[in-house]
Amino acid sequence: MRMAVMGASGRMGQMLVRLIDESDQATLSGAVERAGHDWIGRDLGQAMGGAARGVVVTDDVAVALAASDVIIDFTSPAVTVALAQAAAAAGVAHVIGTTGFSDADLAEIAQAGQTGRIVRAGNMSLGVNLLVTLTQQVAAALGADYDIEIVEAHHRHKVDAPSGTALMLGEAAAAGRGVALSDVADRGRDGITGARVGGAIGFHAIRGGDFIGEHDVIFAGAGERITLRHVASDRALFARGALKAALWLEGQGPGEYSMLDVLGL
Ligand code: NAD
């Protein structure tokens with residue numbers, strides 16, 4: 001399968017390039033960076049500090065789409081929304097790892113998924129997606145007299161909060177309780193907040209150092225607490241999930257899928 005990497009110089013982009021190179025089911029068909037990036041026009045292998053490999057980094061998405069079966073995209077929301085439309089129009093599948101979307105962005109991606117083939121996941125790891133299903137089950141079993149708090153920690157460079165994964169976990173908890181997350185989310189308390197509102201789902205974000213990604217879902221009741229925890233210790237985890245999603249999309253019809261679909265959860 002021919003795969004192009006968007007944001008090829010990024011933390012996830014470089015990881016994906018290495019993983020595609022190791023795969024016997026995938027070949028790297030393009031490497032895209034933002035206009036003005038100093039890798040544009042350079043050989044990707046050399047830009048990554050190795051030998052030349054004959055893939056030149058481009059800012060021309062159309063060139064990458066024309067050469068590819070799928071685009072893997074860990075960039076930023078505005079870039080991803082535009083790419084979703086372009087990929088659907090070109091008949092190229094789109095794996096979206098980007099996080100931090102607004103509701104309007106999500107509506108545009110859903111629109112692209114009417115004709116295009118998309119996997120979008122705020123977290124591509126098997127463990128986190130299992131945690132999502134467990135969170136929904138525990139939230140349903142415990143009911144609203146257990147307070148739910150979601151605490152996440154990421155590296156100092158992360159630009160959005162709460163993390164896409166924290167929001168996935170919040171959605172799962174809300175679904176387990178049969179409520180809409182937008183009605184109950186309580187993001188980052190500060191000051192004289194008053195007592196906790198019953199049924200709220202709280203979010204808290206730690207930022208610092210080189211945390212790759214940690215998530216706790218705490219169910220705090222009277223006299224007991226349950227914590228579901230996931231710790232990512234290697235960023236390659238997310239890249240492996242994205243590669244799996246890309247290969248899975250080959251056999252699918254149009255739609256916007258999640259990692260739960262890819263993993264059969
Ligand atoms: P990063 O800043 O290291 O990489 C992003 C790259 O995108 C940069 O190299 C940037 O130059 C490039 N870019 C910006 N505009 C572009 C454009 N128009 N065309 C092509 N490339 C462009 O960030 P990162 O840590 O790799 O994370 C990227 C995104 O992926 C974030 O939203 C992050 O939250 C998300 N993420 C998701 C998962 C997951 O499992 N879903 C895991 C890790 C990170």
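Order of listing sets the numbers, starting from 1, for every ligand and every atom in it. Keep in mind that what you see is a predicted model, and the values were worked out from it rather than measured. When reading the values below, keep in mind they use all heavy atoms of this one structure, side chains included, and skip hydrogens, waters and symmetry mates.
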- request: Answer yes or no: is there an ion pair linking R196 with E149, defined by an N-O contact shorter than 4.0 Å?
  value: yes
Electrostatic pair R207-E152, nearest N-O below 4.0 angstrom: yes
message: My understanding is that we take every heavy atom of each candidate and find the minimum distance to atom 15 (N) of ligand 1. Doing that for R34, H157, M168, which one comes out nearest?
response: R34
field: Pick from H37, R120, M12: the one approaching atom 26 (O) of ligand 1 most closely through a non-hydrogen atom
entry: M12
Check: [X] N/O within less than 3.5 Å of ligand 1 N/O:
X	answer
M124	yes
G13	no
M6	no
T99	yes
H155	no

Mark the output for [X] as yes if a heavy-atom distance to ligand 1 is under 4.0 Å, and as no if none is.
X	answer
A121	yes
S9	yes
S76	no
K158	yes

query: Is the number of heavy atoms from other residues, nucleotides or ligands within 6.0 Å of CZ (R229) greater than 12?
result: no
message: Tell me if the CG atom of D103 is crowded by more than 12 foreign heavy atoms within 6.0 Å.
response: no
Extract all donor-acceptor atom pairs below 3.5 Å that involve side chains of residues 236-256 and protein atoms in other chains or at least two apart in sequence.
residue : atom : partner : partner atom : Å
Q252    : NE2  : W248    : O            : 3.4
E256    : OE2  : R120    : NE           : 2.8

Atom pairs and distances, donor-acceptor, side-chain atoms in residues 88-101, under 3.5 Å, two or more places apart:
residue : atom : partner : partner atom : Å
H94     : NE2  : D73     : OD2          : 2.9
T98     : OG1  : D73     : O            : 3.4
T98     : OG1  : T75     : N            : 3.0
T98     : OG1  : T80     : OG1          : 2.8
T99     : OG1  : D160    : OD2          : 2.8

query: Going by the atom numbers of ligand 1, which of them fall below 4.0 Å from some non-hydrogen atom of G97?
result: 30 (O), 35 (C), 36 (N), 37 (C), 38 (C), 39 (C), 41 (N)
query: Is the H37 ring parallel, tilted or perpendicular to the W39 ring (thresholds 30°, 60°)?
result: perpendicular
